[in-house]
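We name chains A, B, ... by the order of the sequence lines, and we start the count at 1 in each one.
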Amino acid sequence: MRRYDPTEIEPRWVSRWDEEDLYRASEDPADPRPRFYALDMFSYPSGDLHLGHAEAFSGGDAVARFMAMRGHNVLHPIGWDAFGLPAENAAIKRGIHPKEWTYANIEQQASSFRRMGMSFDWTRRLATCDPEYYRWTQWLFVKLFERGLAYRKTAPANWCPKDQTVLANEQVIAGACERCGTPVVRKDLTQWFFKITDYAQRLLDDVDELADWPERVITMQRNWIGRSEGAEVTFQIAETGDEVEVFTTRPDTLWGVTFFVFAIEHPLVMKLAEAGGTAEQAKALLDRLQATPLTNREQADSREGLPLGVHAINPVNGEQVPVFVAPYVLMEYGTGAVMGVPAHDQRDFEFARANDLPIRVVVQPEGQERDPASMTEAYDHEGVMVGSGPLDGVRSPESISEVIAWLQREGKGKASVSFRLRDWLISRQRYWGAPIPIIHCPEHGEVAVPEDQLPVLLPDDVDFRPGGESPLARNEGFVNVTCPTCGAPARRDTDTMDTFVDSSWYYFRYCSPNDERRAFDPEAVARWMPVDQYVGGVEHAILHLLYCRFFTKVLYDLGLIAFTEPMLRLMNQGQVIFGGASMSKSKGNVVELMPFVERWGSDTMRVTILFAGPFEDDIDWKLIAPDSERRPGANAWLGRVHATVGEAAGREAPETNELRRHTHGTIKGVTRDLERFRFNVAISKLQVLTNEIRSALDAGHGAHEAAGALVQMLAPLAPFTAEELWRVELGHPESVHRSAWPTYDPELARDDRVTLVLQVDGKVRDRVEVDPDVSEEACRALALGSEGVQRAVGSRTIARLVVRAPRLVNVVTAG
RNA sequence: GGGCGAGUGGCGGAAUUGGCAGACGCGCAGGAUUCAGGUUCCUGUGUCCGAAAGGACGUGGGGGUUCAACUCCCCCCUCGCCCACCA
């Protein structure tokens with residue numbers, strides 16, 4: 001029996017598992033096993049794996065292995081989300097091609113994953129920057145385009161005038177370009193969008209099907225979609241006759257309207273300013289505000305506004321109120337215009353105070369009276385209608401439907417629903433992404449690249465440094481093409497797609513990763529999907545998962561799949577932080593993964609991380625492993641398991657009933673724990689079992705069954721150590737990872753003695769060992785006969801006895 | 001400002017969902033092994049009183065329900081995350 005030496009054991013099994021092709025998912029239709037799709041969020045190849053990967057993938061791998069041992073045909077694939085800005089920026093910084101940098105990182109991560117012993121089916125490996133992959137990303141774009149779900153429109157973007165490039169919001173630091181410090185301006189650009197808003201209601205409704213998703217993710221998705229019910233009300237501009245709609249959730253407050261406001265981007269603003277004789281001031285305001293970067297809008301004087309000199313007619317009472325343009329109204333939400341009800345909306349209240357506008361209370365809290373002169377904030381709760389003509393005296397919630405009915409009868413409005421969700425801007429003026437497969441023809445406009453001409457290859461010989469437009473626009477050979485419809489000279493679209501597009505469908509591709517004829521084989525997808533278990537970071541709780549759900553519904557509408565939700569169960573691992581802060585290179589607190597693995601072993605890393613706390617919680621590495629030189633506790637435990645199992649293997653003596661009971665109880669508990677991702681608790685139970693086996697051996701007993709079960713239960717959590725013990729020490733010819741998960745005998749798993757707790761007035765005064773089937777009567781007798789109970793009761797009289805056989809008796813005294 | 005979640009020893013965390021609070025591990029202390037450090041093994045380890053037996057207190061704070069509360073209800077404090085001018 002050798003000393004536990006993971007650096008010798010682990011690499012040996014990496015190559016052995018390769019030879020035995022242990023983790024290949026079976027495509028054999030005759031395979032009787034139920035299938036299980038265990039998906040881990042794929043990796044972004046920016047450098048080698050770090051501790052965050054270790055946590056996510058240790059959990060995902062444990063589930064995949066556990067389900068395989070429980071008799072499932074498991075699909076556990078891996079790939080890389082390989083397009084995007086970090087690769088481009090790193091490449092620019094190092095002067096190498098993004099492709100080179102990306103594939104080098106992929107190779108490094110792949111090799112680290114193998115060293116970690118992840119149970120991936122490597123035959124399905126993919127990267128989104130492979131032409132064989134993005135060909136189908138482009139195909140999907142064309143499908144959306146054909147259905148009218150991909151369209152172009154002009155939208156404002158952050159623009160750096162010096163670098164001549166569009167910046168993501170994260171690249172704008174305090175209103176300036178993060179690279180050169182130049183103040184950023186707003187610039188309107190024609191961009192591609194996916195019409196995800198068409199699916200807003202379905203995305204919201206189907207959230208109810210996601211029973212096994214974390215509650216907080218469901219909440220975030222709901223809030224992000226942001227459905228509001230209310231009414232659309234038509235106002236007329238007195239001076240010009242223009243009809244303008246507003247959206248409001250409070251049509252009951254229509255009688256409280258004292259002004260009207262347009263967003264600065266609203267198309268009517270300049271026309272109305274001219275009509276009102278304020279064109280000059282309006283233009284000055286618009287120019288100034290539009291030069292302000294989007295992220296600075298919040299910092300602008302939020303209650304600034306300009307009266308346009310025209311008036312809006314309130315449809316319910318014919319009153320004319322002044323019309324303003326103000327930055328606090330957003331063009332992107334509702335209709336880009338709002339009615340101002342200062343008494344009952346806080347933002348309107350502040351605007352009215354800042355601009356000396358009247359405040360009119362039309363909802364009074366019951367039994368109170370708000371006076372506009374003395375109000376310090378808007379009253380936005382329920383109440384009784386006042387000053388509202390026919391609605392006076394009605395409670396405000398009930399009055400809403402009455403107002404809507406009235407508006408509808410009069411043709412001045414209707415019930416309406418508004419969503420917070422916006423269409424998805426997917427075009428990027430960047431090099432390292434999937435080219436948008438569209439050709440712009442002077443005659444035929446936007447023409448999709450025909451399917452047999454996909455992929456539109458990303459050319460290698462491009463000056464990919466940013467500068468004004470998409471780098472692809474500088475490549476004449478790429479840009480100049482002929483129109484697929486008429487053959488006339490035309491120009492390729494030079495934008496690339498947001499990487500979130502690439503990652504919205506990769507789990508479909510895993511089902512038939514080498515299909516050269518289609519994005520995925522519908523039969524393979526029908527067999528494997530939906531995904532049974534998805535594991536990944538909570539930072540993707542909104543965008544990525546929403547996009548995945550959107551794509552799935554589009555594919556359903558295309559008739560390609562028969563389900564509408566892609567992921568049945570979702571689990572978010574916590575972050576690994578250091579000293580209370582997230583790890584980052586700039587803080588210099590990054591802990592590398594592979595040096596730890598090389599020194600202590602992958603199994604030690606896995607157990608350390610999984611044992612540190614609940615899977616969903618953050619782990620502070622500084623608290624878990626404060627001294628990198630000291631032997632980690634997980635390593636010491638695995639060493640004890642190694643020694644203990646080795647000793648048990650050579651012991652012929654019979655096992656005690658006590659140990660057998662303990663073994664079966666542990667199987668029961670650990671099985672439940674692994675089903676619920678409670679790895680930390682599972683490991684603690686295995687540690688207790690290890691200690692029990694140790695004691696049994698020390699007492700001269702055998703421990704064959706216990707040792708075997710321990711090794712099997714260890715397999716999902718510490719796959720190398722378990723394999724070494726199973727095959728080498730316990731002498732099994734087949735891998736532990738192909739063995740059947742141990743089952744427990746319910747009779748044995750039940751304790752044959754339980755502790756009856758004896759309390760007096762709720763305080764523990766004695767304990768007795770009893771049979772689990774002990775009668776209530778016997779418990780009562782034991783309690784009354786107990787010396788500890790008698791001492792505690794003393795001279796007081798006993799009022800009652802609460803008996804919960806076989807757990808507890810509470811003796812309640814009088815007084 | 002809105003929404004969600006969490007506060008348990010020196011530390012990470014358990015607690016069959018209302019029934020022995022602190023499992024398991026880290027750390028620390030003492031002992032054994034070792035030339036020594038590390039490793040390994042044994043013992044102890046919530047706080048306070050006590051030599052011990054035993055007792056009192058104890059799950060952020062305050063109140064409540066209950067025979068019994070970390071767990072359920074109300075108020076407050078602190079921290080974390082998400083969304084933040086969404087009409």
> Is there a donor on the side chain of A/R804 or the base of B/G19 sitting less than 3.5 Å from an acceptor on the other?
Replying inline: yes

>> Side chain of A/V812, heavy atoms from C-beta onward: which of B/C82, B/A14, B/C67 has the nearest atom to it?
In response: B/C67

> Should the ring pair A/H540 and A/F500 be called parallel, tilted or perpendicular, given that the plane angle runs from 0 to 90° and is split at 30 and 60?
Replying inline: perpendicular

> Roughly, in whole Å, what's the span from CG in A/D673 to C1' in B/A14?
Replying inline: 11 Å

> Between A/L717 and A/V607, which heavy-atom pair has the shortest distance, and what is it?
Replying inline: O-CG2, 4.1 Å

> Do A/D761 and A/K763 have side chains that get closer than 4.5 Å, going by heavy atoms?
Replying inline: no

> Pick the nucleotide of RNA chain B nearest each of A/R791 and A/Y333; which residue has the one closer to the 5' end?
Replying inline: A/R791

> Which nucleotide in the set B/C4, B/U39, B/A21 lies at the smallest distance from any side-chain heavy atom of A/V764?
Replying inline: B/A21

> Nearest of B/G13, B/C82, B/G19 to any side-chain atom of A/Q759?
Replying inline: B/G19

> How long is the line joining CG of A/L610 and P of B/G12, in whole Å?
Replying inline: 19 Å

> Which part of the nucleic acid, if any, lies within contact of A/N691, taking any heavy atom under 4.0 Å across all strands shown: a base, the sugar-phosphate backbone alone, or nothing?
Replying inline: sugar-phosphate

> Nearest to the side chain of A/R765 - B/A56, B/A14, B/U39?
Replying inline: B/A56

> Roughly, in whole Å, what's the span from CZ in A/F419 to P in B/C83?
Replying inline: 20 Å

>> Of the options B/G19, B/C83, B/A87, whose atoms approach the side-chain atoms of A/R420 most closely?
In response: B/C83

>> Does A/K763 reach a base, just sugar-phosphate, or nothing at all? Heavy atoms under 4.0 Å.
In response: sugar-phosphate

> Counting side-chain heavy atoms from C-beta on, which of B/A14, B/C20, B/A84 comes nearest to A/V757?
Replying inline: B/C20

>> Looking only at the side chain of A/P614 (C-beta and beyond, no hydrogens), which of the listed nucleotides B/G19, B/G13, B/U39 gets closest?
In response: B/G13

> NA contact type, A/N680, heavy-atom cut-off 4.0 Å: base, sugar-phosphate, or nothing?
Replying inline: sugar-phosphate

>> Is it the case that the base of B/C85 and the side chain of A/R303 share a donor-acceptor contact (distance under 3.5 Å, atom types as modelled)?
In response: yes

